[in-house]
Engineer: 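Here's a structure for you.
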Amino acid sequence: MNTSNVDPAELAKFSDLAHRWWDVNSEFRPLHQINPLRLDWINGLAGLKDKRVLDVGCGGGILADAMARAGATVTGIDLATKSLKVAQLHALESQTPNVNYREISAEALAAETPAQFDVVTCMEMLEHVPDPASIVKACATLVKPGGWVFFSTLNRNPKSFLFAIIGAEYVLNLLPKGTHEYAKFIRPAELAADCRSVGLDVQASKGLQYNPITRRYWLDGNTSVNYMLATRRFD
Ligand code: SAH
């Protein structure tokens, strides 16, 4: 089991901001804005109602909470203690049904309860870990045969450097400087190869676009910057 697949500096970044997870005008505004888009996409493909769902790297629970409200029974896991406390408190305050949070790595949970979840989501997280392939493998172990695993991350090319780092962190100030590191970005073909090697077949992909003038996000087929992959375990 891999227990060292974590970058403490990455966890500290998110923990330091933890009190702002549910402030829609904070550093987490982009996650709040993209949340309905990704929720709809996931729900449309996997059908969340009455499903058992795991959200890996759940942070303050923005997606986990929304999936529970869509009718799933959701477990959110992360390794940033403060973020998990915020997620728990939010669920309590807003009386979200059927959501719980645990501080455990994906790899450890995979060893503990393999093939338990109908749907696994792992959004905006792979680009923050030392060994993303190990997370992909853990997700493949955690999902039931026939179940869905969703990933989102940032593509690696000159445009994504310009948009996701220079644009988002230095020009538009959408994200704190240093949020993302170019070398950790993952090309869709690389992520798809990691998925295939652990028995996850790519079913669909979407790109996420942002217009800085209207401050709106939308999904389309262009995966050149921020993108999502929908995969399924067949075995
Ligand atoms: N998935 C959430 C939060 C994304 S922010 C969303 O899209 O709304 C990235 C999250 O990954 C943070 O909460 C951070 O604490 C978490 N993270 C980073 N490294 C991790 C690791 N090794 N294991 C679990 N979570 C991790």
Side-chain angles (χ1 to χ4, degrees), residues 1-24 26-42 53-70 74-88 90-91 96 99 101-112 119-139 141-142 149-154 164 168-169 174-176 178-181 184-186 206 208 217 219 226-229:
M1 184 178 64
N2 182 347
T3 49
S4 60
N5 188 16
V6 54
D7 180 343
E10 289 286 352
L11 293 189
K13 265 193 252 180
F14 289 100
S15 264
D16 287 348
L17 298 172
H19 58 291
R20 292 214 275 271
W21 271 109
W22 286 92
D23 177 351
V24 294
S26 72
E27 295 83 351
F28 296 114
R29 181 185 174 88
L31 293 179
H32 284 281
Q33 282 201 286
I34 66 173
N35 207 45
L37 299 172
R38 60 192 187 176
L39 176 71
D40 275 4
W41 193 60
I42 293 165
V53 178
L54 176 71
D55 188 25
V56 176
C58 63
I62 295 172
L63 180 63
D65 197 274
M67 293 193 291
R69 287 178 179 278
V74 182
T75 298
I77 62 170
D78 202 291
L79 293 175
T81 315
K82 274 194 198 167
S83 296
L84 285 169
K85 289 205 170 123
V86 168
Q88 257 147 6
H90 181 87
T96 308
V99 66
Y101 295 98
R102 270 186 79 184
E103 187 172 331
I104 186 169
S105 71
E107 289 93 342
L109 190 64
E112 191 183 294
V119 179
V120 176
T121 56
C122 178
M123 313 304 268
E124 315 302 333
M125 184 266 197
L126 293 174
E127 71 275 20
H128 299 287
V129 301
D131 182 3
S134 164
I135 302 289
V136 172
K137 183 169 185 240
C139 291
T141 306
L142 284 156
V149 184
F150 294 85
F151 297 102
S152 74
T153 191
L154 287 157
E169 296 182 14
L174 293 173
L175 297 172
T179 297
H180 287 121
E181 192 185 321
K184 288 190 177 159
F185 291 2
I186 307 169
K206 279 284 177 200
L208 200 68
Y217 291 84
L219 299 185
N226 201 312
Y227 67 95
M228 304 189 282
L229 284 191

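All values below come from the heavy atoms of this structure, side chains included, with hydrogens, waters and symmetry mates left out. Indexing begins at 1, ligand by ligand and atom by atom, following the structure's order.
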Engineer: May I ask you to decide if the ring planes of Phe28 and Trp21 are parallel, tilted or perpendicular, using 30° and 60° as cut-offs?
Structural biologist: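 Ring orientation, 0 to 90° scale: parallel.
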Engineer: Counting each atom of ligand 1 from 1 as listed, which ones have a heavy atom of Gly59 under 4.0 Å away?
Structural biologist: 13 (O)
Engineer: With atoms numbered from 1 as shown, which atoms in ligand 1 lie under 4.0 angstrom from a non-hydrogen atom of Val129?
Structural biologist: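 What qualifies from ligand 1 is 19 (N), 20 (C), 21 (C), 22 (N).
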Engineer: Which residue supplies the protein heavy atom nearest to atom 5 (S) of ligand 1, what is that atom called, and how far is it?
Structural biologist: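 Its nearest protein heavy-atom neighbour is Phe14 CE2, 3.4 Å.
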Engineer: Can a non-hydrogen atom of Arg38 be found less than 4.0 Å from any atom of ligand 1?
Structural biologist: yes
Engineer: Which protein heavy atom lies closest to atom 1 (N) of ligand 1, and at what distance to 0.1 Å?
Structural biologist: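 Residue, atom and distance for the closest contact: Gly57 O, 2.7 Å.
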Engineer: Report the nearest protein non-hydrogen atom to atom 15 (O) of ligand 1: residue, atom name, distance rounded to 0.1 Å.
Structural biologist: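 Here the closest protein heavy atom is Asp78 OD1, 2.7 Å.
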Engineer: Can you say whether the rings of His32 and Trp22 are parallel (under 30°), tilted (30 to 60°) or perpendicular (over 60°)?
Structural biologist: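 Ring orientation of His32 relative to Trp22: perpendicular.
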Engineer: Are side-chain heavy atoms of Thr121 and Met228 found at a separation under 4.5 Å?
Structural biologist: no
Engineer: Please could you name the atoms of ligand 1 that Val6 approaches to less than 4.0 Å, counting only its heavy atoms?
Structural biologist: 22 (N)
Engineer: Which ligand 1 atoms are under 4.0 Å away from a heavy-atom of Met125?
Structural biologist: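 Reading through ligand 1 atom by atom, the close ones are 11 (O), 20 (C), 21 (C), 23 (N), 24 (C), 25 (N), 26 (C).
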Engineer: Do any heavy atoms of Cys58 fall under 4.0 Å from ligand 1?
Structural biologist: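 Yes, Cys58 has a heavy atom closer than 4.0 Å to ligand 1.
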Engineer: If I compare all heavy atoms of Val56 with all of Cys139, which pair ends up nearest, and what's the gap?
Structural biologist: CG2-SG, 4.1 Å
Engineer: For Lys184, is the NZ atom crowded, meaning more than 12 foreign heavy atoms sit under 6.0 Å from it?
Structural biologist: yes
Engineer: For ligand 1, which atoms, with element, lie under 4.0 Å from some heavy atom of Leu11?
Structural biologist: 15 (O), 17 (N), 18 (C), 19 (N), 20 (C), 26 (C)
Engineer: Could you tell me whether the side chain of Glu10 reaches within less than 4.5 Å of the side chain of Lys13, counting heavy atoms only?
Structural biologist: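 Contact flag for Lys13/Glu10 side chains = yes.
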Engineer: Can you tell if the side chain of Leu208 reaches within under 4.5 Å of the side chain of Trp41, non-hydrogen atoms only?
Structural biologist: no
Engineer: Ligand 1 versus Trp21, non-hydrogen atoms closer than 4.0 Å: side chain, backbone, both, neither?
Structural biologist: side chain
Engineer: Going by the order shown, which atoms of ligand 1 are within less than 4.0 Å of some heavy atom of Met123?
Structural biologist: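 This gives 1 (N), 2 (C), 4 (C), 7 (O) as the contact atoms.
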Engineer: Is the shortest side-chain heavy-atom distance between Ile186 and Tyr227 below 4.5 Å?
Structural biologist: yes
Engineer: May I ask you to list the atoms of ligand 1 that are less than 4.0 angstrom from any heavy atom of Asn5?
Structural biologist: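 Those atoms are 22 (N).
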Engineer: Starting at OG of Ser134, measure out to CG of Asn5 and round the result to the nearest 0.5 Å.
Structural biologist: 4.5 Å
Engineer: Checking contacts here: is it the side chain or the backbone of Leu79 that comes within 4.0 Å of ligand 1, counting heavy atoms only? Could be both or neither.
Structural biologist: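 Leu79 to ligand 1: contacts from backbone and side chain alike.
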Engineer: Counting from 1, what ligand 1 atoms have a heavy atom of Ala80 closer than 4.0 Å?
Structural biologist: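 So the atoms of ligand 1 that pass are 15 (O).
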Engineer: Where does the angle between the aromatic ring planes of Phe14 and His128 fall among parallel (under 30°), tilted (30 to 60°) and perpendicular (over 60°)?
Structural biologist: perpendicular
Engineer: Please verify whether a non-hydrogen atom of Glu10 lies at under 4.0 Å from ligand 1.
Structural biologist: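 Not so, Glu10 does not reach ligand 1.
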Engineer: Who's the nearest protein heavy-atom neighbour of atom 9 (C) of ligand 1, and how far?
Structural biologist: Glu124 O, 3.4 Å
Engineer: Between Cys122 and Ile135, is there a side-chain heavy-atom distance shorter than 4.5 Å?
Structural biologist: yes
